[in-house]
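Right, one structure below, let's go through it.
These numbers were taken from a predicted model, which means no experiment stands behind them. Below, read A as the first sequence line, B as the second, and so on, with proteins coming before strands; counting in each chain starts at 1.
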6 protein chains.
Amino acid sequence: MTRLIKIVIPVATSIWNEKVKEFCEKIREPDTSISVVNLEKGPESIESYYDEAFASPYVALEAIKAEKEGYNAVIVYCFGNPGVNAARAAVKIPVFGAGEVGITFANLLGNRFSIISTLEVAVPRCLRTVKLLDMESKLASIRTVNMPVLELESKDKLLKAALDAGQLAIEDGADVIVLGCTCMTGIRNHLEEKLGIPVIDPGEATLKFAEVAVSLNLKHSKRYFRHNFKKKTIL
Amino acid sequence: MTRLIKIVIPVATSIWNEKVKEFCEKIREPDTSISVVNLEKGPESIESYYDEAFASPYVALEAIKAEKEGYNAVIVYCFGNPGVNAARAAVKIPVFGAGEVGITFANLLGNRFSIISTLEVAVPRCLRTVKLLDMESKLASIRTVNMPVLELESKDKLLKAALDAGQLAIEDGADVIVLGCTCMTGIRNHLEEKLGIPVIDPGEATLKFAEVAVSLNLKHSKRYFRHNFKKKTIL
Amino acid sequence: MTRLIKIVIPVATSIWNEKVKEFCEKIREPDTSISVVNLEKGPESIESYYDEAFASPYVALEAIKAEKEGYNAVIVYCFGNPGVNAARAAVKIPVFGAGEVGITFANLLGNRFSIISTLEVAVPRCLRTVKLLDMESKLASIRTVNMPVLELESKDKLLKAALDAGQLAIEDGADVIVLGCTCMTGIRNHLEEKLGIPVIDPGEATLKFAEVAVSLNLKHSKRYFRHNFKKKTIL
Amino acid sequence: MTRLIKIVIPVATSIWNEKVKEFCEKIREPDTSISVVNLEKGPESIESYYDEAFASPYVALEAIKAEKEGYNAVIVYCFGNPGVNAARAAVKIPVFGAGEVGITFANLLGNRFSIISTLEVAVPRCLRTVKLLDMESKLASIRTVNMPVLELESKDKLLKAALDAGQLAIEDGADVIVLGCTCMTGIRNHLEEKLGIPVIDPGEATLKFAEVAVSLNLKHSKRYFRHNFKKKTIL
Amino acid sequence: MTRLIKIVIPVATSIWNEKVKEFCEKIREPDTSISVVNLEKGPESIESYYDEAFASPYVALEAIKAEKEGYNAVIVYCFGNPGVNAARAAVKIPVFGAGEVGITFANLLGNRFSIISTLEVAVPRCLRTVKLLDMESKLASIRTVNMPVLELESKDKLLKAALDAGQLAIEDGADVIVLGCTCMTGIRNHLEEKLGIPVIDPGEATLKFAEVAVSLNLKHSKRYFRHNFKKKTIL
Amino acid sequence: MTRLIKIVIPVATSIWNEKVKEFCEKIREPDTSISVVNLEKGPESIESYYDEAFASPYVALEAIKAEKEGYNAVIVYCFGNPGVNAARAAVKIPVFGAGEVGITFANLLGNRFSIISTLEVAVPRCLRTVKLLDMESKLASIRTVNMPVLELESKDKLLKAALDAGQLAIEDGADVIVLGCTCMTGIRNHLEEKLGIPVIDPGEATLKFAEVAVSLNLKHSKRYFRHNFKKKTIL
């Protein structure tokens, strides 16, 4: 059986698609087939509650489309998980947000984790994700690299800032680091080596978890996530 | 000073506007002026995460419009608080969701509260609101009238179902009831009399709280709720 | 309808009465009438559990008297809320403590709040209030101005100390400040301007909330707050 | 060294003194000397927040007197712990409330406990004690015998009602029972035998704990419990 | 790269080995190689804290052996996770307990989960696992099939009992089920179909998660899990 | 009645026996008789999860032996409480771990406590004990003296390091200190004097608590702690 997984980058720009595709191709299992899309409409990046609101409906629509196209799972490739619950309410195939999966993994690798986020403006939504997963007492801290998403491509600067943030996190008591943005790709190994503690890349964690879910036929609960499509929605 | 308050009913139908306006006119302070609008686009009612996602961006846009029009505060007249955080990130005037305010009031009237919600499908989002307010250990239970929003106009049926739900809530340990839908208007007094414990109508609570916020010039924290409007959003 | 609200300053000195009256007159709604009294017996100020114990019975007696006199609500004008629960057990009209209301408001304006208290000795009781409201995970910190209540009249010193405390609170992660004493009147606007985050004055918040409660006929739960007056109490 | 322990029954009646004295004499260590007093003023029994408020100042005064008389510890012999914190703020000798100690013992004997309380009216204050000790997630339930304190002398009726309550508690998941009133003396053994799980009598637990505290010279923290006696209190 | 995974069944009997091997062979990825062993010494099954204590050191020794043999990961194939932390302290390759992984998966599929355990005697340790993962507020209930581990082979009886337990769990509010014993293999699909909510088999979840960990080179934190092997241990 | 208490030092060395015996003889009640034993096998000291696993079965066996010998209670004389739950499952006489008792006492003496532990490696297990007692929100911090157990005999060095740790703990908000190792004997008084807050020695606390338990015939719950001895265990 081939696993068909659709990766939705929940922003209205295609600048990340190729890079994400390339990154995910390297780590997928042999019988997994992935495709990567971005949103037609919505924000340029996900940093605020406002961004989240404008991405969410389009994420849900992409999930509906993916289900119709025969995909086995959908990944919302963003630490902020925009539209994940809406998508789950709309489809039967599993939908995973990178933030939820990345943070959840931390519980199985250590005792307390810190998130390395982008900007102060993104911190409140990180806190909300942690709270909704009931993992607040496992959170050591949230530290930032103080770089907006659209500057994260500058790898040297990112690496240096992430290292500083990681060292502060260790002082805060963290024994695991979760990268707080799916665009912080490619720095995990270097960080792990320098910091001496595990570092979780939420994007790669989520791809592998989605593969597991498809293999085991795990789906989210339709008792919890549901929607009555007889009701009208004006788009 | 006149307080100008815009009430946004976050659904793409005008069927509730007049009733809400009439209800709110009765309880406003003399120097408060209110207007009631619904969304141009979005869902017919807010019952699922999917509904929430499709209402939220339009709520944010209404808040931006209200701020430009000179309103002093915005009310998102729905227990599900769709788009409240997005709106807060977008504007400086205070924005209040009826669910958040209604539940918060319970903390000042008793020890444990129950929510009387509409349908099972709405319960998860109620739980999320309670969790995000950190009031889970004050929640006795969520009970439902098992009626969709669009049937709540049938007052006799609603009253009977709410009474049954309220009696179960008291058995669950509740000493305060919060009505879990802003469309359950007009049953509070009857319920209080029959159940013998306080009943909070989230709509009226929120209007009065918004008046307080305007009087005292209370605004939400722009350290927490913010957005960078230099970034592009494609609508 | 005129709202009749009695403000009880729970200390055995009248030095604050006039100032509180003046302050509250400015912010009340037109159809609210307020009177301000202090206790005949009890402590000079509320800073310790000992002070609280000696104020509480007299607060309850004042509430009973207020109910007989026809007041619609009672405010215990102190961040420490002495005797509030005892008063609620004794009367049917609503009774609100300034600490409980002030802290509760924070939940609707931001994510995490700090309290600016008077002295270290007052901190434990602040923590208890926060815990009893189940808001511990919203508390960023408690900072003090290191001034006893009876010196708070020295406004310049207070303002400077509060500003310092507020800046530490922001470093602690606060996005909302709650003033931890009803005698810190008159510094809110200045603090808000300098700190850039909302500041809640518990006294003014409570007066406005009491007005709301009277308007909406909200009362505390007699299932939770009750007393059997057939039993004898020796005064 | 003889341990001198003063037991304060925090009610304005002497009807319990002899019985408590007799009960405590049987379980004290040989070199412990106890005396039992009641309050001069205050409530007849402690069942509500109102009762608590009227007992607390007199408890504090008794503790001050006990310290002057040379006692090594004070016990507030009531599950409701009235005035315990006020007394601790006033004196240096240790002060223990029977509710706090009884509940704390449960943590060392099993996983989840239930309290068997007197009347519904007493339940809120039990909950508050549990919350302030941070033991809410260990609480299986609070069940009542539905008898006011002043009727608890009717041992047969009490025993039967406590047995029923205990069986419900076991269904609620309790593996330890805490008797919720120091007047439920003399039923522990019978209950343990019938229910098959440990039953804690808060009065006896507290006497023994006070002996331990005196032996080990354990005192409460004056960093947390303090009062400035230079301030005036009008009695 | 081939993933080499050692599955340790932490009991001193080989009766489960073949069945577990057969089950795991079906769900592993093509390039995963597994071996299954039981303990030389220890308990017959893991149901109590006593069983856990007698299994744990032998689990740690098996992990040390596996690391020396070149395995990439160790699975402790038991819902009770005996010796998992001890093993993690002893080796650098990742070690996963089936209970921890099974419960963690629930957080990504729904809102509240119930565990279907074997006997009442096993419940306390289930609760402890949930608490240590900080997932108590996500736990709807623990229900039992009332069958000891060694009788679970009777599939018809197990299936019927698990169905009953599952229906009670749904009444308790669960929207996801976690099977509370790795010997409940082979009933997941049937239960899912009948109950209509996701059912997690902890054994299969853990195998797949271990594969992910090896693929991504995820290891547990040596800042948290460590041991000084210079110290002597007498076996 | 003489209380017979067996103190098990859960390490495979007798170097501590005499010192512990001498220390405990000084503080026992006159009619208490104690004996002190160490383990035949197991670790040299308890610092990691690995040590804990290798001590636990031998602790359980010592408890079984003690019960047969007629002891009334068993003390596991180690802050790490190894094997305490296993022992409780195996016997009917009460078993107390020094860590559990020492931490529990803190709840009755102040508001927030800090633990002074030995090495960083021991911190995770301290945190686990606090979490399992549900006292996380009472924990101010864990500070270490940075000395392995086997060096704690160097009293001057220990005292200085503990004083430094205690001062940091006070800055962390602690108003009570719990010594995090039963080998930190003999420094309590000095620390209390210098730090000005109560210091709990877990060893002495546990001995006194065990005496109380025997006096009052308090035993742990066999509903919670049980084991089926019909099952075979291979040692």
Which portion of Ile170(D) sits near chain F, non-hydrogen atoms under 4.5 angstrom
both
Counting heavy-atom pairs under 4.5 angstrom with chain F, the leader among Ala205(D), Pro30(D), Pro198(D), Gly110(D) is Pro198(D)
If you look at every heavy atom in Val199(D) and Leu218(F), which pair is closest and at what distance?
O-CD2, 4.2 Å
N/O donor-acceptor pair under 3.5 Å between Arg223(F) side chain and Gly196(D) backbone:
no
Measuring from atom OG of Ser215(F) to atom CZ of Arg28(D), what distance do you get when rounded to the nearest 0.5 angstrom?
12.5 Å
Is Lys219(D) in contact with chain F via its backbone, its side chain, both, or neither, using a 4.5 Å heavy-atom distance?
backbone
Heavy-atom proximity to chain D below 4.5 Å, by part of Glu29(F):
side chain
Counting heavy-atom pairs under 4.5 Å with chain F, the top scorer among His220(D), Glu136(D), Glu211(D) is His220(D)
Can you list the residues that meet the side-chain hydrogen bond (donor to acceptor under 3.5 Å, both in side chains) rule with Lys6(D), with sequence neighbours excluded?
Glu69(D)
Tell me if a side-chain donor or acceptor on Ser221(F) pairs with a main-chain N or O of Asp175(D) at a distance below 3.5 Å.
yes
Begin with the C-alpha distance, continue with both residues' side-chain angles, and end with the deciding distance and a verdict on side chain to side chain contact (heavy atoms under 4.5 Å, CB included) for Arg188(D) and Asn217(F).
CA-CA 11 Å; Arg188(D) 191 194 134 201; Asn217(F) 198 27; 4.2 Å; yes
Considering heavy atoms only, which positions within residues 77-99 of chain F lie below 4.5 Å of chain D?
Arg88(F), Phe96(F)
First locate atom CD1 of Ile197(D), then atom OH of Tyr224(F), and finally report the distance between them rounded to the nearest 0.5 Å.
14.0 Å
Show the nearest heavy-atom pair for residues Leu132(D) and Lys138(F), with the distance to one decimal.
O-NZ, 2.8 Å
Tell me, for Ala213(F) versus chain D, whether the close heavy atoms (under 4.5 Å) come from the side chain, the backbone, both or neither.
neither
Sort out for me which of Ile200(F), Asn189(F), Leu108(F) touches chain D most, counting heavy-atom pairs under 4.5 Å.
Leu108(F)
Within this structure, what is the OG1-CG distance for the pair Thr104(D) and Asn107(F), rounded to the nearest 0.5 Å?
5.0 Å
Lys208(D) versus Val212(F), closest heavy-atom pair with distance:
CB-CG1, 3.5 Å
Ranked by heavy-atom pairs below 4.5 Å to chain F, first place among Asp201(D), Leu133(D), Val176(D) goes to Leu133(D)
For the rings on Phe209(D) and Phe209(F), is their centre-to-centre separation under 6.0 Å?
no
Answer yes or no: does atom NZ of Lys155(F) have more than 12 heavy-atom neighbours from other residues, nucleotides or ligands under 6.0 Å?
yes
